[in-house]
Amino acid sequence: MQFAPNDSFVELIERNPYLLLVVEHLGKMDFQKNVTINDFCKQSKLPLHVFVSLINIYSNNNIKINLNEWKHNHVLILIDFLDNSHNYYKKEKYPLINSLLQELKNNIKSNETKLLIKFFNEYFAEVLEHLDYEEKIVFPYVRQILSDSKWKELRFSSDEYQEHHNNIEEKLSDLKTLLMHHVKFGQYSYIGRQIIFHLYELEFDLHAHSKIEENLLIPLIKKFEKSLYG
Amino acid sequence: MAKPSIIIIEPSAIVNDAIKEHLKKTNIFNNINTFYSWDSFIHSARQNMSQLLLINPLQIVNKEKEFEKFCQQHPIDYKIAIVYHLLPNHLISIFDDVFYIYDSIDKLLQKIKLCIASKEINTKKKQNLTEREQEILKLLAKGLSIKEIAQKVFLSPHTVLSHRKNISAKTGIKTIAGLTVYAVSMNLISIEEIES
């Protein structure tokens with residue numbers, strides 16, 4: 001699905017409610033409802049191509065992105081976007097899933113649930129480590145490059161970055177497989193279902209997050225690095 | 001087993017239509033979707049797309065990684081290449097089978113039927129782990145490395161690794177931590193054994 005600047009903003013959200021996450025991560029929840037995409041962007045002081053790139057990624061559309069349109073301040077919007085989505089994982093999704101798992105443990109006293117919680121916590125510890133790496137290394141590095149000053153020591157490697165993503169996605173997929181195929185919830189299947197739904201939502205946003213980094217952020221970093229270091 | 005669906009991705013409209021018409025007549029498929037390019041397919045692809053992919057490999061040149069990742073993330077069980085001329089091995093090896101454009105349509109049908117049959121076998125295989133696989137799973141859950149397991153069960157590390165791959169294929173679980181939870185839920189190992 002292509003998006004046109006004159007499409008209605010509300011219809012856009014109705015077609016894919018997950019796009020509300022894009023609006024939220026952009027920090028633009030306070031918007032007028034009856035407007036076009038173009039108006040929304042103007043209201044929110046958001047370049048149209050930035051918004052359209054993001055909603056394409058969240059809609060699973062593989063549209064080629066023209067990196068030449070991306071200026072320094074647009075990348076800063078992207079960094080803030082990614083930074084905000086960290087809050088969604090850490091402050092919203094993790095506590096929700098964790099409390100549902102605890103509820104499961106209180107009701108089903110099996111070793112299996114105990115291990116499942118351990119597995120989830122180990123998985124999320126890895127997610128946190130990755131988010132921490134982004135907050136402490138990647139984002140400051142990008143901000144530095146954008147301010148046109150060289151980083152003293154090159155501590156960032158896009159290959160390493162990519163590897164993190166693969167590990168995280170594999171563990172999450174295992175967690176879903178275990179819950180869907182192997183764990184028996186009995187009368188507490190409604191708790192299992194809620195956990196599975198939250199995991200899907202988490203996976204959806206994390207996947208979009210990786211795609212933004214792989215298809216936008218990393219190529220943009222490389223582009224600016226090239227102009228800085230030659 | 002429910003009738004499978006097939007996706008044809010081939011830029012030549014004539015070839016594309018001809019394959020589609022022939023496949024339609026066979027009544028093997030629930031759904032036949034055709035595309036002229038990989039990009040247009042990706043563009044319209046939704047999560048629960050079909051099981052068989054018939055594609056001209058030139059469509060994915062320089063996008064091999066993206067293609068493989070896509071196939072892993074979507075329920076695409078078989079990938080058959082539509083080949084016009086010689087192509088480099090690394091490209092062909094991504095696919096499960098190859099259909100040469102000068103082959104007869106019967107040959108293509110044969111290949112497709114084989115794919116469907118092996119898919120059914122795979123599904124049946126998934127249900128049970130062999131005793132050897134269970135033994136290796138237990139040792140993996142206890143935290144032993146492939147090398148340590150190989151020494152313990154008197155097999156080569158290569159064989160242990162291939163058992164490990166089969167276990168993952170059957171259970172759908174790839175990480176050791178995930179397999180450990182599985183082993184406990186199947187009562188193959190007790191939690192005390194892992195914690196020790």
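Proteins come first, then strands; the chains are lettered A, B, ... in the order of their sequence lines, and each starts at number 1.
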Side-chain ion pair, E214(A) and K69(B), N-O less than 4.0 Å
yes

With a 4.5 Å limit on heavy-atom distance, are the side chains of M186(B) and H182(A) in contact?
yes

Has N89(B) got more than 12 heavy atoms of other residues, nucleotides or ligands less than 6.0 Å from its CG?
no

Short question: side chain of D174(A), backbone of T175(B) - any donor-acceptor pair under 3.5 Å?
yes

Assess whether atom NZ of K223(A) is packed by more than 12 heavy atoms of other residues, nucleotides or ligands within 6.0 Å.
yes

Within a radius of less than 6.0 Å around OH of Y190(A), do more than 12 heavy atoms belonging to other residues, nucleotides or ligands occur?
yes

Rounded to the nearest 0.5 Å, what separates atom CG in N111(A) from atom OG in S185(B)?
11.0 Å

Region of S173(A) in contact with chain B, defined by heavy-atom distances below 4.5 Å
side chain

Between T177(A) and T171(B), is any pair of side-chain heavy atoms under 4.5 Å apart?
no

In this structure, are over 12 heavy atoms from other groups packed under 6.0 Å from K90(A) atom NZ?
yes

If you define the side chain from C-beta out and look only at heavy atoms, does anything of K118(A) sit under 4.5 Å from V181(B)?
no

Considering residues, nucleotides and ligands other than K211(A), do more than 12 of their heavy atoms fall under 6.0 Å from its NZ?
yes

Going from OG on S168(B) to CD on E170(A), what distance comes out if it is rounded to the nearest 0.5 angstrom?
8.5 Å

Test item: T180(B) and F119(A) side chains (from C-beta on) under 4.5 Å apart, heavy atoms:
no

May I ask you to check whether over 12 heavy atoms, not counting those of K63(B), lie within 6.0 Å of atom NZ?
yes

